[in-house]
Amino acid sequence: MTGAQILVEELINQGVDTVFGYPGGQVLNIYDELYKNAHRIKHILTAHEQGAVHAADGYARVLDKPGVVIATSGPGATNLVTGIANAYLDSIPVIAITGNVSTELLGRDSFQEVDIVGITQPIVKHNYIVRDVADLERIIKEAFLIANTGRKGPVLIDLPKSVQVSEWEYKNEAKVSVKNLVPSGNCDISEAVEAIKRSKRPFIYCGGGVSAAGAGEEIMALSRKLSAPVGLSMMGISSIPHSFEYNLGMCGMHGRYASSAAQANADLIIAAGVRFSDRATGNTREYSKRCTVIHIDIDASEIGKNVSPKIGLCGDIKTVIKRLINEVPEQKNAQWLKDIEEFKAVETGFTNGSFNPKNIINLINSSFDEDTVVATDVGQHQMWVAQHYRFEKSRRLLTSGGLGTMGFGMGAAIGGCIANDRKPTVLFTSDGSFGMNLIEMATAVSNNLPLVVVVLNNGTLGMVRQWQTAFFEKRYSNTTLDRKTDFPLLAKAFGAKGYSAETLEQLRDIVENKLDFNGPSLIDCKIDKDERVLPFIPPGGSIKDIVLN
Amino acid sequence: MKEKFTVSLIVSNHFGVLNRVSGLYSKRNYNIDSLAVGVTENPEYSRITIVSTGDDYMKEQVVKQLEKLHDVKKVVLLDRENSIGVEHMLIKLRITEEAKPQISGLVVEYGGNILDFSNEFVTAEITGSSEKIDNFIEEARKFGILEVCRSGLIAMIHGTENIMSVNDIE
């Protein structure tokens, strides 16, 4: 077999039935094999490689299996960089396959040659350049194992043209081993158990690691047993149902007041699968001074990286939480739960009429079932979705948590929609973010994907504007978008449906009567440019500094 | 409190691995004071010795982050108590008739050898602890140093234990 054949056979062997990508000069052989094997493995052609890598990322988030993206050498490869970094920051298993010039041309600045292995080194779990076709099968197997084991993340395989055409036997028996990537979870929990017993105001803080471990049930069982409220990082949203009685929602810079207040007033924080990002914790030095922190994570390097916990438990979250549940006695904590009810009563409001982000999100939310995949872009709309959308099912929010990638949404929604059996999929975006990768509307049209793109259109880069309002005396440098783009008309130009709404009644009419789900639709929602994301804890601040209204 | 510390690594012996290791240091904002690398008795593996300056937080993070690299097979933190460390230096000095015996004496005193010389210069090799090398440089300064090339520290655990037999840090 040729290297290109081995690649496609091994992808199929790994259970890959869908790949995203864009062809080019140095991946012609791979694309030829994809053509011949189209009945076994489907290729989704995007309009830009960035869209493809975000699609692979969104696909992986929904299905909990590696998403695969293919791009050519040079610019094809560099166009993946943002998407790879995005997957890395959110610990999403993505396999990126790039073509490169033949091995004898490497290092000569050949046409469309870049050192993509060097470029992506800081943003992958591991990467490879394959120099000998004899190594190819093992490398692909190893790449999938690394991407999907322990703390997940992207792996890149750079495949020079000469390796794609070289012949080697494909036996499907290459042996791979990765070193101790997965701690057992048999860590000593006795200290943690004692700390929990002593606690009167326990708080459970969940991150993306809970989703990755599929440990939502265990978290809820522990929460019930301890009468402990649960707060979520943005990556933790949808790891437990919104309706779970102790779920307070997102905490942190733009978190719900009750969740941030509970976190601030707790005497014990059980942090599971979080990395204490500065957006979620504010001042990390102060964070662990006022309470006992138990940090549970599968990645040993996360324990103590941003916050020094009193107790660090390195292991699989599901295993560790189960063991804790077995060892800790039931707690009532009546006073603490009363405090929580008081925190919940604190209202933070939208002031600018009824056609505001909260009401728009609620209307969309109640029009789609809980299995619906919801993607976002980055900025104010993302925070509003994180605050107000009621996620009941895990792996249904696709959002760029760590990297904060404007333009993530279109690709992610495409990948998420395909992963979720092409069911109707919602993308909340904004005029700023949508502008970055709106070309992927073409992809959604070509594939008849039932995307509903809700553009919260305020004519500005709202989140940056909000900071300019708060910290730069309203000097709105380059955040006012003096664009005249007609989004519904643009959608129609792509072959999608386009609507615009200026009232909730109009929006309801569109959602209930006009959407047909035979392909993508866009709804342009004009909102006030001075709508802010509240609450807001300024960077490095604490609950004392929270801005509510 | 910041102090010097040494990390000893066993890594796969193929290209790009040094880049991954040094790239991790720069990505995480850790400095490198010295770095020495060479193949081990098993040609599949290389050994890297890195000296850095940092506090306990950085020490712990360096080890944990290095352990995550696929090509890194073993990471051990070495300190003065549990290890021996030496550096090798080549030093080229300007020479004059009157300084010649003094320079020879200094090299002998430090247990070094003269490898190359003429009427204008002498090149010596000195081996020993980093402090010893530093001291030699200070003493040689008055003769006029033409150039210095230090290997960076190489280090090993005391006693019968070897790097692969040390338990991983919990």
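Order of the sequence lines sets the chain letters (A, B, ...), proteins ahead of strands, with each chain counted from 1. As the structure is a computational prediction, the values presented were derived from the model and not from experiment.
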Look at atom CE of B:Met156 and say whether more than 12 heavy atoms of other residues, nucleotides or ligands are closer to it than 6.0 Å.
-> no
Which answer fits A:Asp299, side chain, backbone, both or neither, if we ask what part of it has an atom under 4.5 Å from a heavy atom of chain B?
-> side chain
Can you list the steps and then say if A:Lys125 with B:His70 is a side chain to side chain contact (heavy atoms under 4.5 Å, CB included)?
-> CA-CA 8 Å; A:Lys125 261 189 96 176; B:His70 179 64; over 6 Å; no
With sequence neighbours left out, the residues meeting ring pair (Phe, Tyr, Trp, His ring centres under 6.0 Å) with B:Phe143 are none
State, yes or no, whether a side-chain contact exists between B:Lys68 and A:Arg151 at a heavy-atom distance under 4.5 Å.
-> yes
Check the pair A:Lys305 / B:Glu60 against side chain to side chain contact (heavy atoms under 4.5 Å, CB included), numbers first and verdict last.
-> CA-CA 9 Å; A:Lys305 189 180 87 179; B:Glu60 185 185 325; over 6 Å; no
Considering only heavy atoms, give the residues of residues 2-26 of chain B separated from chain A by less than 4.5 Å, sorted numerically, with 'none' for an empty result.
-> B:Phe15, B:Gly16, B:Asn19, B:Arg20
Check the surroundings of atom CD in B:Glu131: do more than 12 heavy atoms from other residues, nucleotides or ligands lie under 6.0 Å from it?
-> yes
Please report, to 0.1 Å, the donor-acceptor pairs under 3.5 Å made by any side chain of residues 99-109 of chain A, with sequence neighbours excluded.
residue  : atom : partner  : partner atom : Å
A:Asn100 : ND2  : A:Val114 : O            : 3.4
A:Asn100 : ND2  : A:Asp158 : OD2          : 2.7
A:Ser102 : OG   : A:Ser162 : N            : 3.3
A:Thr103 : OG1  : A:Ser162 : OG           : 3.1
A:Arg108 : NE   : A:Glu104 : O            : 2.9

Do you know which of A:Glu302, A:Arg131, A:Glu142 has the most heavy-atom pairs with chain B at a distance under 4.5 angstrom?
-> A:Arg131
With sequence neighbours left out, write down each residue that passes side chain to side chain contact (heavy atoms under 4.5 Å, CB included) with A:Ala96, or none if nothing qualifies.
-> A:Val69, A:Leu80, A:Ile84, A:Leu156
Evaluate whether atom CZ of B:Arg80 has more than 12 neighbouring non-hydrogen atoms of other residues, nucleotides or ligands under 6.0 angstrom away.
-> no
Closest contact, heavy atoms only, B:Gln61 versus A:Ser301 | NE2-O, 2.7 Å
Identify the two heavy atoms, one from A:Ile303 and one from B:Lys64, that lie closest to each other, and give their separation to 0.1 Å.
-> O-NZ, 3.0 Å
